[in-house]
J.: 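Shown below is the structure under consideration.
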Amino acid sequence: MRRKGFFITFEGPEGSGKTTQAQLLYQHLLSLGYPVILTREPGGTPIGDRIRAILHDPAHSDILPTTEILLYSASRAQIVGQVIRPALEEGKIVICDRYADSTFAYQGYGHGLDLDSLRLITAFATGGLVPDLTFYLDLEVEEGLRRKRAAFERGESEWTRMDQKELEFHRRVRQGYLKLAASEPSRWVILNAMEPVEVLQMRIRQIVEERLHEAYPGHSQQG
Ligand code: TMP
């Protein structure tokens with residue numbers, strides 16, 4: 001049986017602007033009167049936020065890749081069970097800033113962990129929950145890290161253990177994302193993150209509204 005809600009995720013390398021786009025989309029859907037929630041990974045629950053703090057602490061440079069995948073997956077299991085699945089079952093739209101594709105991109109392609117093992121762990125953590133629609137904001141990793149560093153220096157963003165990894169790691173992550181998107185074109189929409197924020201948001205809204213029209217045929221816009 002198809003669940004009732006609609007699950008949208010945002011993915012991208014560091015500094016791609018996906019958090020801004022997810023927030024703008026959330027505000028827009030709220031203004032149209034849709035039942036919608038916005039959340040993020042890792043984190044999004046009290047337990048997940050504590051796991052996030054462990055994962056992102058720059059002092060934890062000795063975390064093993066296997067520990068890392070299990071911690072990201074633990075945070076994911078908690079948010080799926082406590083937040084995402086219940087919201088979808090109530091018919092809500094869920095927007096999540098990163099989800100399981102980040103694991104394939106970062107731990108799989110970035111660290112080189114075995115993708116089949118990651119699929120098994122991810123399926124166990126999520127109970128097989130896959131997004132209906134995934135936006136991927138693509139940009140050169142140097143540009144993304146430059147943007148993120150500048151945001152950190154303005155006090156608007158974290159500078160995490162992941163951000164300080166070598167350039168080659170971030171390049172593998174980006175290439176991984178492009179492979180993931182190419183392997184499932186009906187779910188992924190690739191966007192050029194160098195375009196202005198407003199242009200990207202217009203395109204995102206257009207795609208989402210078309211898809212929601214199918215998923216919520218009786219919805220009349222109130223905004
Ligand atoms: P961000 O959401 O602020 O970009 O921070 C999340 C960081 O965690 C980012 O560096 C990507 C990383 N990450 C993984 O490595 N694997 C995962 O499964 C998730 C959700 C995030």
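Numbers here are sequence positions counted from 1. As a basis for the values below, the full set of heavy atoms in this structure was taken, side chains included, without hydrogen atoms, waters or symmetry mates. Read the numbers this way: they start at 1 and go in the same order the structure lists the ligands and their atoms.
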J.: Evaluate whether atom CZ of R203 has more than 12 neighbouring non-hydrogen atoms of other residues, nucleotides or ligands under 6.0 angstrom away.
T.: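 Incorrect, the count does not exceed 12.
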
J.: Present, as a list of atom pairs with distances to 0.1 Å, all nitrogen or oxygen contacts under 3.5 Å between ligand 1 and the protein.
T.:
| unit_1 | atom_1 | unit_2 | atom_2 | d |
| --- | --- | --- | --- | --- |
| ligand 1 | 2 (O) | R98 | NE | 3.2 |
| ligand 1 | 3 (O) | R52 | NH2 | 3.4 |
| ligand 1 | 4 (O) | R98 | NE | 3.1 |
| ligand 1 | 4 (O) | R98 | NH2 | 3.1 |
| ligand 1 | 8 (O) | H56 | NE2 | 3.2 |
| ligand 1 | 8 (O) | Y72 | OH | 3.0 |
| ligand 1 | 10 (O) | E14 | OE2 | 2.6 |
| ligand 1 | 13 (N) | Y72 | OH | 3.3 |
| ligand 1 | 15 (O) | Y72 | OH | 3.4 |
| ligand 1 | 15 (O) | Q107 | NE2 | 2.9 |
| ligand 1 | 16 (N) | Q107 | OE1 | 2.8 |
| ligand 1 | 18 (O) | R76 | NH2 | 2.9 |
| ligand 1 | 18 (O) | T103 | N | 3.3 |
| ligand 1 | 18 (O) | T103 | OG1 | 2.6 |

J.: Is the shortest distance from a Lys or Arg side-chain nitrogen in R161 or D57 to a carboxylate oxygen in the other one below 4.0 Å?
T.: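 D57 and R161: not salt-bridged.
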
J.: Kindly indicate whether a cation-pi arrangement holds for R98 with F10, taking the cut-offs as under 6.0 Å to the six-membered ring centre and within 45° of the axis.
T.: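 Judged by the rule (NZ or CZ under 6.0 Å from the ring centre, within 45° of its axis), R98 is not positioned above F10.
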
J.: Before giving the answer on side-chain hydrogen bond (donor to acceptor under 3.5 Å, both in side chains), spell out for T19 and R40 the whole-Å C-alpha distance, their side-chain angles and the decisive distance to 0.1 Å.
T.: CA-CA 9 Å; T19 303; R40 70 163 181 186; over 6 Å; no

J.: Would one find more than 12 heavy atoms of other residues, nucleotides or ligands at under 6.0 Å from atom CZ of R119?
T.: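 Buried by this count: over 12 neighbours within 6.0 Å.
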
J.: Could you walk me through whether R146 and E142 satisfy the salt bridge (Lys or Arg N to Asp or Glu O under 4.0 Å) test, starting with their C-alpha distance in whole Å, then the side-chain angles of each, then the deciding distance to 0.1 Å, before giving a yes or no?
T.: CA-CA 6 Å; R146 194 192 57 70; E142 290 88 343; over 6 Å; no

